[in-house]
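Before any comments, here is the structure.
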Amino acid sequence: MKLIFIGPQGSGKGTEAKIISKKLAISHISTGELFRNITGELKEKVNSYINQGELVPDELTIKILKERIIEPDCKNGFILDGFPRNIAQANILDKITKINKVIEITLNDELAIKRISSRLSCKKCGAVFNTITNPPEKENICDKCKGELYRRKDDNPEEIKKRLFIYHKETEPILEKYKDILITINGEQDIEKIAKEILEKIKE
Ligand code: AP5
Ligand code: MG
């Protein structure tokens, strides 16, 4: 099963992809996570884009994605979380592999900004929490691996607005391309309810 999760910042792509990938025993590939974990000479270049809320150039993004999906853990399938984000990336993906379903998680901008402003991420394992909606048991400590929780550099009001603007302008239009395999889920529900709906609709 090969899935794409698309939605605005804070809609819960990462949160839901972690749950669904476990349930379906497929890999969770977040291009944002791949970029945040990048090391070596590319780190500075990549950070200059992500910290400002801008898209990393397609050439590099596609290269990283192509290398990732051929790894052995992807042989049963994967969830692409945050890829593709524009028409050029979607067209290239078409040539590389066949996607079974595209899950769009909707959320209005006001809620998106609220959720992102209160997100905490784990430095060690990437788990995601929320000081309001999904707090960790111990302040600033990851429930899963006891790692330290931090606030992403791009999770501040100016960058959030820029990321949402780019989402509406460049990413949303690609949904048209996937209209025959598109499943739309209301992201304003609680985390478990959304996961349940995704699983049900995938099986239909
Ligand atoms: P990326 O890491 O993908 O960030 P994003 O797209 O901005 O999306 P987010 O991670 O902010 O939101 P999410 O939907 O995953 O929400 P989450 O589950 O965490 O990309 C970062 C950057 O990398 C990009 O800006 C770009 O620079 C670069 N990049 C990545 N891919 C690229 C590409 N293809 N091309 C070019 N550049 C690329 O949830 C958010 C919060 O809400 C959490 O606190 C969570 O606990 C909470 N929450 C989640 N669901 C619920 C719920 N149902 N109810 C209540 N709270 C909830
Ligand atoms: Mg995410």
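In each ligand, atom 1 is the first atom listed, and ligand 1 is the first ligand listed.
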Identify, by atom number and element, the atoms of ligand 1 in contact range of [X], meaning under 4.0 Å from any of its heavy atoms.
X: Thr61; value: 33 (C), 34 (N), 35 (N), 36 (C)
X: Pro8; value: 14 (O)
X: Thr31; value: 30 (C), 31 (N), 32 (C), 34 (N)
X: Asn130; value: 41 (C), 42 (O), 43 (C), 44 (O), 46 (O), 47 (C)

Identify, for [atom], the protein heavy atom at the shortest distance, and state residue, atom and that distance.
atom: atom 23 (O) of ligand 1; result: Ile50 CG2, 3.2 Å
atom: atom 15 (O) of ligand 1; result: Gly14 N, 3.0 Å
atom: atom 44 (O) of ligand 1; result: Phe129 O, 2.7 Å
atom: atom 19 (O) of ligand 1; result: Arg119 NH1, 2.6 Å
atom: atom 25 (O) of ligand 1; result: Arg163 CG, 4.1 Å
atom: atom 26 (C) of ligand 1; result: Glu54 O, 3.5 Å
atom: atom 43 (C) of ligand 1; result: Val128 CG1, 3.4 Å
atom: atom 53 (N) of ligand 1; result: Gln189 O, 2.8 Å

Does some non-hydrogen atom of [X] fall short of 4.0 Å from ligand 1?
X: Ser11; value: yes
X: Arg152; value: yes
X: Ser121; value: no

[Y]/[X] salt bridge by N-O under 4.0 Å criterion:
X: Lys177; Y: Asp94; value: yes
X: Lys114; Y: Asp109; value: no
X: Asp155; Y: Arg119; value: yes
X: Lys196; Y: Glu192; value: no
X: Lys13; Y: Glu16; value: no
X: Glu33; Y: Arg36; value: yes
X: Glu170; Y: Arg85; value: no
X: Glu158; Y: Lys162; value: no

Look at [atom] and find which of [options] reaches it with the closest heavy atom.
atom: atom 38 (C) of ligand 1; options: Tyr49, Phe35, Phe5; answer: Phe35
atom: atom 39 (O) of ligand 1; options: Thr15, Leu93, Ile185; answer: Thr15
atom: atom 3 (O) of ligand 1; options: Arg115, Arg85, Gln9, Arg36; answer: Arg85
atom: atom 34 (N) of ligand 1; options: Gly82, Ala112, Gly32; answer: Gly82
atom: atom 55 (C) of ligand 1; options: Ile62, Leu65, Thr133, Ile132; answer: Thr133
atom: atom 37 (N) of ligand 1; options: Val56, Val46, Asn186; answer: Val56

Heavy atoms, side chains only, cut-off 4.5 Å: are [X] and [Y] in contact?
X: Ile194; Y: Asp190; value: no
X: Leu149; Y: Lys123; value: no
X: Glu188; Y: Leu107; value: yes
X: Ile92; Y: Gln89; value: no

Quick check: are there more than 12 heavy atoms from other residues, nucleotides or ligands sitting under 6.0 Å from [atom1] of [X]?
X: Lys43; atom1: NZ; answer: yes
X: Glu59; atom1: CD; answer: no
X: Glu67; atom1: CD; answer: yes

query: Lys144 and Cys125: which non-hydrogen atoms are nearest, and at how many Å?
result: CB-SG, 4.4 Å

message: Which heavy atom of Leu120 sits nearest to which heavy atom of Thr131, and what is that distance?
response: CD1-CG2, 3.7 Å

Where on [X] is there a heavy atom closer than 4.0 Å to ligand 1, on the side chain, on the backbone, on both, or on neither?
X: Ile194; result: side chain
X: Asn134; result: side chain
X: Leu55; result: both
X: Ile116; result: side chain
X: Gln89; result: side chain
X: Pro84; result: neither
X: Tyr167; result: neither
X: Lys13; result: both

